[in-house]
Amino acid sequence: MSEDLFEEDQTEPTRVADRMAAEALIVDVDGFEGPLDLLLTLSRTQKVDLRKVSVLQLAQQYLAFVERAKQLRIELAADYLVMAAWLAFLKSRLLLPPDPTEEGPSGEELAAHLAFQLERLQAMREQAATLMARDQLGRDFFARGIPEDVMRVKRVTYTATLLDLMQGYARIRTKDEFRPYIMDRDAVFTLEQALERMRPLIGFAATWTDIATYLPEGFTSDPARLRSATASTFAASLELVKEGKAEIRQEDTFAPIQVRRRDR
Amino acid sequence: MSQDTDEKEETLFEAPPIAEQERMCEAILFASAEPVTVKEMSARMPHGCDVVEALVHLRKRYEGRGVQVIKVGEAWAMRTAPDLGFLMQKETVETRKLSRAAIETLAIVAYHQPVTRAEIEEIRGVSVSRGTVDQLLEMEWIRFGRRKMTPGRPVTFVVTQSFLDHFGLESARDLPGLKELRSAGLLENRPPPGAMSPDDDSEDGGDTDQSDMFED
Amino acid sequence: MSQDTDEKEETLFEAPPIAEQERMCEAILFASAEPVTVKEMSARMPHGCDVVEALVHLRKRYEGRGVQVIKVGEAWAMRTAPDLGFLMQKETVETRKLSRAAIETLAIVAYHQPVTRAEIEEIRGVSVSRGTVDQLLEMEWIRFGRRKMTPGRPVTFVVTQSFLDHFGLESARDLPGLKELRSAGLLENRPPPGAMSPDDDSEDGGDTDQSDMFED
């Protein structure tokens with residue numbers, strides 16, 4: 001369907017282009033995209049199928065064109081002159097009877113190749129026009145106006161191997177002494193408990209006080225309980241220092257560790 | 001119906017058949033970047049079109065399809081069917097190693113189940129963050145067990161069937177015992193002072209599986 | 001048909017019925033402004049779906065509608081019917097005007113792909129400016145193809161899926177007039193007579209490359 005359309009479209013402008021090309025030959029040398037383009041335009045004046053174009057006639061037309069440009073003192077680009085020289089050579093080859101001693105391709109072969117090049121260029125131009133005459137996205141047909149984004153969902157799964165599990169368990173079990181599994185939570189004074197105890201008290205410690213005085217009641221006699229309470233009270237003290245609520249010092253190795261509130 | 005409209009409006013040309021009007025509405029709704037009002041559609045379509053009727057037909061045509069024609073306030077739009085929303089996601093799965101805290105907590109649950117949070121903390125020697133337990137619950141590797149008959153009736157944790165499946169175990173009792181851990185070089189060769197762990201007893205005889213397990 | 005596939009793939013769950021698969025394809029294609037490959041659709045749809053079959057059904061369903069299901073290279077897309085373009089003035093995007101050189105270069109790449117810059121210049125009879133190629137690359141209508149196995153291993157250009165999408169082509173083989181041009185010998189890269197280029201032998205008219213390329 002679009003091809004039909006194209007056919008119709010194409011016939012008219014070609015005629016217009018013909019007329020314009022004829023004028024362009026005289027006034028606008030720069031309008032050509034190189035010698036091949038010029039040759040193609042010239043060949044149209046022969047009004048024949050490109051396959052039947054007379055290359056000899058074409059060469060003469062081209063040489064005449066170059067001659068005229070020279071008369072008009074139009075500066076021609078080098079490649080136009082190279083083509084002119086080559087066409088002059090081709091012309092002589094085509095006119096003179098073939099010299100059997102001469103090497104290389106015959107005039108006919110060279111002419112056939114030029115005709116092929118012209119035909120190929122012409123075909124590509126036509127295809128380019130056909131292509132651009134096709135229905136185009138965003139002009140004749142349309143994509144979805146409100147595309148929905150595909151959400152990229154990243155799902156993280158965690159994994160572990162049995163070996164990880166074993167090693168993890170072994171790690172815990174070798175960290176402290178192995179002991180039969182019994183509940184002895186009452187012998188533990190946790191960091192949270194120690195913090196809870198120290199927080200309200202530290203506000204009153206204007207002077208350096210031994211952290212031992214912060215140990216909770218009932219945790220000082222039993223060694224296990226004392227150890228736990230001391231450790232957590234010390235840790236809690238450090239925590240308070242970190243929070244900027246207290247200062248901590250130790251006069252000497254193994255000397256009592258003292259804290260006092262920090263005034264701002 | 002469209003005939004009537006034509007006659008009323010006395011248009012010069014006849015409006016396109018309703019099926020064609022439906023096609024037009026379809027194309028406009030599809031390509032527009034926003035919902036389109038009936039008024040706007042009428043302005044874009046040939047004179048004499050009955051946009052509302054065409055839209056009703058169109059909506060009907062898309063019933064039960066992957067795409068639906070919906071009314072958004074005064075305007076109309078096409079949207080993918082809500083039940084297919086899952087197709088609009090591209091899932092990428094990233095596998096990460098479980099954190100050390102999570103592995104240790106998991107190991108404790110596996111070896112000591114049913115076990116309370118306080119007991120886990122006791123064994124690990126550090127407090128167990130809520131996130132760690134939640135993560136394991138979410139992975140469905142642990143679940144809540146029966147409450148302990150101790151004061152406060154704390155909840156306990158046990159491992160799940162998914163856990164056993166993942167680690168290729170038939171039951172939690174198939175987990176290698178401390179003895180095996182030791183002989184596998186996973187525990188320091190330090191004899192445990194005091195009594196045997198409760199798992200040590202039950203854990204013998206899993207020897208054949210064991211070697212398998214350590215392959216993983 | 002989808003049954004067979006299931007059995008072959010031994011899926012755990014059965015694929016949804018083909019009508020449901022069709023709905024899913026519809027939703028995915030509908031939601032996307034860009035063509036979606038069969039591979040991507042498969043990845044997003046439940047396991048065991050026969051996406052191609054569903055798409056063929058879907059395309060049939062949309063035949064003659066205001067919106068169409070079209071194939072673009074390896075991908076599929078939904079596009080409004082071209083005859084309704086006149087309704088969409090509002091949506092029309094002002095495309096950059098391409099120079100004659102760019103249009104011709106594009107056509108040469110499309111019909112001669114994979115094609116080197118030297119070959120383009122040979123066909124056009126003038127040197128191809130960098131800007132022209134850059135513009136086409138930037139528009140994503142052409143891209144680099146495989147290097148030619150000729151001396152210097154020059155890069156080649158081929159057209160892209162966006163190119164096919166833009167011009168409503170199912171594949172590069174559907175370029176208008178391709179067969180005629182080929183049988184007329186106009187797609188050959190014929191060396192000038194007497195040119196003793198060393199690659200004369202290997203360069204069998206580019207015909208073999210050509211068919212290769214258009215197979216895709």
Side-chain angles (χ1 to χ4, degrees), chain A residues 1-3 5-6 31-40 50-51 77 79 83 86 103-114 116-151 153, chain C residues 27-35 40 44 67-68 70 77-86 88 91-93 95 98 100-101 103-108 110-112 122-127 162 165-169 175-178 180-181 184-188 190-195:
Chain A
M1 187 169 88
S2 58
E3 290 213 20
L5 272 174
F6 157 72
F32 295 103
E33 279 200 273
L36 206 59
D37 185 28
L38 172 57
L39 278 167
L40 192 57
L50 266 177
R51 260 166 280 194
D79 50 346
M83 179 61 92
W86 186 79
E103 296 271 312
S106 70
E108 276 72 26
E109 281 170 333
L110 292 172
H113 187 69
L114 180 62
F116 165 74
Q117 281 180 293
L118 290 174
E119 202 193 338
R120 186 173 59 177
L121 179 59
Q122 178 59 27
M124 280 302 111
R125 293 221 164 134
E126 280 163 12
Q127 291 318 315
T130 314
L131 198 60
M132 297 317 278
R134 278 184 75 86
D135 291 327
Q136 292 182 37
L137 179 66
R139 191 185 78 181
D140 307 291
F141 62 97
F142 297 84
R144 174 68 183 142
I146 321 173
E148 290 166 47
D149 284 333
V150 177
M151 270 209 313
V153 184
Chain C
I28 292 174
L29 288 187
F30 175 86
S32 173
E34 303 294 319
E40 196 192 328
R44 279 159 66 181
V67 171
Q68 302 193 337
I70 56 164
M78 278 172 100
R79 301 284 180 250
T80 61
D83 67 308
L84 299 178
F86 70 96
M88 308 302 166
E91 264 67 49
T92 309
V93 261
T95 42
L98 279 179
R100 177 175 143 175
I103 293 172
E104 280 182 23
T105 303
L106 179 65
I108 292 167
Y111 284 88
H112 290 262
E122 158 77 19
I123 294 168
R124 294 200 64 229
V126 280
S127 63
S162 298
D165 190 22
H166 187 90
F167 291 100
L169 293 163
L175 282 165
L178 186 69
E180 293 79 356
L181 288 173
L186 291 173
L187 299 182
E188 287 168 29
R190 217 182 275 169

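Numbered from 1 within each chain, the chains take letters A, B, ... in sequence-line order. Reckoned from all heavy atoms, side chains included, excluding hydrogens, waters and symmetry mates.
Between L36(A) and I123(C) the shortest side-chain heavy-atom distance does not fall below 4.5 Å. Taking the side chain as every heavy atom from C-beta outward, L169(C) and R134(A) approach each other to under 4.5 Å.
Closest non-hydrogen pair, A33(C) versus R144(A), comes out as CB-O, 4.0 Å. Nearest approach of L131(A) to A107(C), heavy atoms of both residues: CD2-CA, 4.5 Å. Across P176(C) and T130(A), no two heavy atoms sit closer than the pair CG-CG2, 4.0 Å.
The CE atom of M124(A) sits 6.5 Å away from the CD1 atom of I108(C) when rounded to the nearest 0.5 Å. From R124(C), atom CZ reaches atom CD of E33(A) across 4.0 Å, with rounding to the nearest 0.5 Å. Atom CG of L84(C) sits about 13.0 Å away from atom CZ of F141(A), to the nearest 0.5 Å. Rounded to the nearest 0.5 angstrom, T80(C) OG1 and D135(A) CG are separated by 9.5 Å.
Across I28(C), V67(C), V126(C), L106(C), the residue that shares the most heavy-atom pairs under 4.5 angstrom with chain A is V126(C). In terms of heavy-atom pairs under 4.5 angstrom with chain C, the leader among L114(A), L121(A), L40(A), I146(A) is L121(A).
Using a 4.5 Å cut-off between heavy atoms, L181(C) contacts chain A through its side chain alone, with no backbone atom that close. With a 4.5 angstrom heavy-atom cutoff, F86(C) does not touch chain A via any of its atoms. Proximity to chain A (any heavy atom under 4.5 Å) is shown, for A77(C), by neither the backbone nor the side chain. The contact between E122(C) and chain A is made by backbone and side chain atoms together, counting heavy-atom distances below 4.5 Å. When heavy atoms are compared at a cutoff of 4.5 Å, L98(C) approaches chain A solely by way of its side chain, counted from C-beta outward.
Summarising the local packing, CD of E109(A) is surrounded by more than 12 heavy atoms from other residues, nucleotides or ligands at distances under 6.0 Å.
In summary, D37(A) and R100(C) engage in a salt bridge, as defined by a charged side-chain N under 4.0 Å from a carboxylate O.
A donor-acceptor pair under 3.5 Å links the side-chain atoms of R120(A) to the main chain of E188(C), judged by distance alone.
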TODO: Decide yes or no on side-chain contact (heavy atoms from CB on, under 4.5 Å) for Q136(A) and F167(C), but give the supporting numbers first.
DONE: CA-CA 5 Å; Q136(A) 292 182 37; F167(C) 291 100; 3.7 Å; yes
